[in-house]
Amino acid sequence: MTDLLRVFVCTSEAVPFAKTGGLADVCGALPRALAQMGCDVRLVLPGYRTIDRGKFGFRSIGQAEVPLGADRVTVQFYESRLPDSPVPAYLIANDHSFDRQGLYGEGGRDYPDNLERFTIFGRGTLALLRHLDWAPQVVHCQDWQTGLLPVWLRVEPRDRVLAEAGTLFTVHNLAYQGLFPADRLPLTGLGAELFTPRGIEFYGKINFLKGGLVYADLLSTVSEQYAREIQTAEFGCGLEGVLRERADALVGILNGVDYGAWDPSNDPLIPARYTPDDLAGKVVCKEQLQRSLGLTVAPRIPLIGMITRLADQKGLDLVAPTIETILGRGAQFALLGSGDPAYHTLFREMGARQKGRASVTLGFDDALAHRIEAGADMFLMPSRYEPSGLNQLYSLRYGTIPIVRRTGGLADTIVDAAPDALDRGAANGFVFEPYTPEALLGAVTRALTAFQQPAAWRRLQSNGMRQDFSWKRSAARYIDAYRRVIGGRSQGARRV
Ligand code: ADP
C-alpha cells in the first residue's frame with residue numbers, strides 16, 4: 001500500500017524502552033494506536049545505556065556521520081519493533097552522549113552537554129531517514145529535545161527523502177525548554193540570523209522548545225485546557241506571546257491510556273484482578289498494599305495514594321503542610337516518587353514520623369505504581385499545572401477516586417462530586433481550585449467524608465471505571481492533525 005499516512009515519531013523517551021514520565025507512555029502507546037488505524041508509523045529515540053538492546057531485539061543496521069558544528073560525529077542505528085506491534089522502533093546511539101546512567105541528568109542536575117546530546121540525536125534522526133530511504137509525510141516531534149528538527153527542516157536545504165516532510169510539534173510540558181548559552185549556537189548548525197526574538201533566542205539564550213513552537217507547521221499540546229492556559233502569562237513560561245501568535249496552529253489533544261498496560265481486569269502486576277462489577281479483588285490489593293508498605297492493615301481506613309515526579313509542578317508544597325493533618329483525620333498515605341532532593345528529605349522524614357500511617361518510597365518503581373493504583377482508595381494530584389496527566393486516568397480505571405486541582409488535563413477529565421454531578425452520574429472525583437493548602441484540605445476532607453458512605457462511593461468508582469480514555473479517540477485526533485500538516489504543505493506548495 002502506498003497511500004498509508006507515513007509518520008515518524010521522534011521522542012526522547014518511549015515505554016517500554018526508556019521512561020521518566022508521561023511522555024514515555026504517550027510515545028509507547030500512540031504509535032501502536034496509529035498502526036492499528038492504518039498508519040505507516042515509525043518511532044525513534046536515543047540509544048540510552050538503560051535500554052537493554054538484547055532484550056528488546058535491537059540489531060545494528062548501520063551508521064552515519066552527522067554534523068556537530070564543524071565536527072563530524074558518528075551515530076549508530078539500531079532497529080527493532082515496539083513490542084507486540086508492527087511499529088519499527090529505532091535507536092540513535094552515540095556512546096559519548098547516551099552511554100550514561102540518566103536520560104537528561106543525574107542527581108537532580110541536567111547534563112551540561114544536553115545541547116550537544118540532543119543536537120546529535122536530532123541530526124541522527126534525519127540521517128536515519130536517509131539511511132532507510134524512507135520519506136515521512138509528517139515528522140512528529142515531542143518537547144524540547146526534538147525542538148530543532150522543525151527548525152532544520154524549515155531553514156536547511158532538503159533532499160529527496162525529506163522533501164515532503166511536514167512537522168507537528170507536541171508540547172508535553174512547556175516548563176522544560178532546553179535553554180543553552182548563546183555561544184554554543186554554532187554547534188547546532190544554525191546561523192546567527194535565527195538568534196533573534198522571532199527565532200530561537202529567549203532572553204539571551206538558545207531555546208530548543210521555542211524552535212519547535214516557531215518553526216513547526218502545526219503545534220499541539222496534551223489537553224484542550226492546557227492549550228488555552230499556555231497562552232496566558234500564568235502558565236506560558238515566558239512563551240505565551242509566541243503561542244498566542246500561533247493560536248490558529250495550536251490544537252489540544254488529550255493523552256489516551258494504554259489499557260493493555262493499565263486495567264485492573266488484566267494487570268499482571270497487581271495481586272488480584274477486578275472489574276467494575278466485582279471489586280472483591282480491589283479489597284485484596286488494598287490489604288496487600290497496606291501490608292507490604294508497613295501500613296496498618298484495615299479495609300475501612302481510607303488510603304490515599306500518590307505517584308509522581310517530586311517536582312514543584314506537582315503541588316508538593318501543598319501536600320507537605322497538610323499531610324499530617326490529613327493523617328490525623330484517620331487516613332493513610334502511600335507516596336511513590338523521585339526527583340528534587342529537597343522533597344526526598346522532607347517526605348523521608350515525614351514517613352519516619354508517621355510509621356504505620358504513611359509510607360514513602362523514593363525511587364522509580366513501575367510495579368509498585370500499579371499496586372498503589374489498585375490498592376489505594378483515593379489518588380492525590382494537586383498539581384500547580386498539569387498538561388494532561390495520566391495518573392488520574394489510571395486511577396479512574398482502577399476505581400481509585402482522584403482528588404485533583406482544576407488545571408490542564410485534570411480540569412478536562414475530573415468532574416467534582418457535587419450533588420448535581422453525582423445525580424447525573426457524571427461525577428468521578430474531587431476537585432479544588434485555589435492553589436492553597438486550605439483548598440486541598442477541603443477537597444480531601446470531602447473525599448474522606450464520602451468514603452464513609454459506601455453506596456455513594458461505589459457509584460463514584462463505577463462512574464470512573466466505566467469511562468473510556470483509550471488511545472483510539474486521541475489517535476484519531478492526531479491523524480486529523482497530521483492531515484492538516486500535509487494539507488497545509490501542499491497548499492503552500494501550490495502557492496509558490
Ligand atoms: P508527568 O509526565 O508530568 O510526570 P503524568 O501523570 O503525565 O506526569 O505521567 C507520569 C507517569 O510516570 C505515570 O505513568 C506514572 O505512573 C509514572 N511515574 C511517575 N513517577 C513514578 C515513580 N516514581 N515510579 C513509577 N512510576 C512513576
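Position 1 is the first residue of the sequence; numbering continues from there. Each ligand, and each atom within it, is numbered from 1 in the order the structure gives. All heavy atoms count here, side chains included; hydrogens, waters and symmetry mates do not. Predicted model only: the values in this text are computed from it and were never measured.
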Handout entry: Any G337 heavy atom less than 4.0 Å from ligand 1
Key =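 Right, G337 reaches ligand 1.
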
Practice task
Take every heavy atom of A311, measure it against each atom of ligand 1, and state whether any distance is under 4.0 Å.
Solution key: no

Would you mind checking if [Y] and [X] are paired as a salt bridge, meaning a charged N to carboxylate O distance below 4.0 Å?
{"X": "R405", "Y": "E386", "value": "no"}
{"X": "R353", "Y": "E324", "value": "yes"}
{"X": "R484", "Y": "D217", "value": "no"}
{"X": "D277", "Y": "R466", "value": "yes"}
{"X": "D278", "Y": "R273", "value": "no"}

Completion exercise
Note: T308, heavy atoms under 4.0 Å from ligand 1, region reported as backbone

Practice task
Report the part of K19 (side chain from C-beta onward, or backbone N, CA, C, O) that has a heavy atom under 4.0 Å from ligand 1; answer both or neither where that applies.
Solution key: side chain

Practice task
May I ask you to decide if the ring planes of Y394 and W262 are parallel, tilted or perpendicular, using 30° and 60° as cut-offs?
Solution key: parallel

Is there any N or O on [X] that sits under 3.5 Å from an N or O of ligand 1?
{"X": "R309", "result": "yes"}
{"X": "W262", "result": "no"}
{"X": "G21", "result": "no"}
{"X": "M381", "result": "no"}
{"X": "F364", "result": "no"}

Practice task
For the residue pair Y226 and D412, confirm or rule out a side-chain donor-acceptor distance under 3.5 Å.
Solution key: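 D412 and Y226 do not have a side-chain donor-acceptor pair below 3.5 Å.
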
Quick one: are the ring centres of [X] and [Y] less than 6.0 Å apart?
{"X": "F180", "Y": "F208", "answer": "yes"}
{"X": "H140", "Y": "F8", "answer": "no"}
{"X": "W144", "Y": "F118", "answer": "yes"}

Which of the numbered atoms in ligand 1 are under 4.0 angstrom from any heavy atom belonging to [X]?
{"X": "D25", "value": "11 (C), 14 (O)"}
{"X": "G389", "value": "6 (O), 7 (O)"}
{"X": "G22", "value": "1 (P), 2 (O), 4 (O), 7 (O), 9 (O), 10 (C), 11 (C)"}

Practice task
Give the minimum heavy-atom separation between G21 and E13, together with the two atoms involved.
Solution key: N-OE1, 3.0 Å

Exercise for the section: Going by heavy-atom distance to atom 13 (C) of ligand 1, choose the closest among V222, N391, L362. Expected result: N391

Practice task
Pick, from K314, E13, Q313, H172, the option with the minimum heavy-atom distance to atom 3 (O) of ligand 1.
Solution key: K314

At what distance is the nearest protein heavy atom to [atom], and which residue and atom is it?
{"atom": "atom 5 (P) of ligand 1", "value": "L390 N, 3.7 Å"}
{"atom": "atom 23 (N) of ligand 1", "value": "G363 O, 2.8 Å"}
{"atom": "atom 24 (N) of ligand 1", "value": "D365 N, 3.0 Å"}

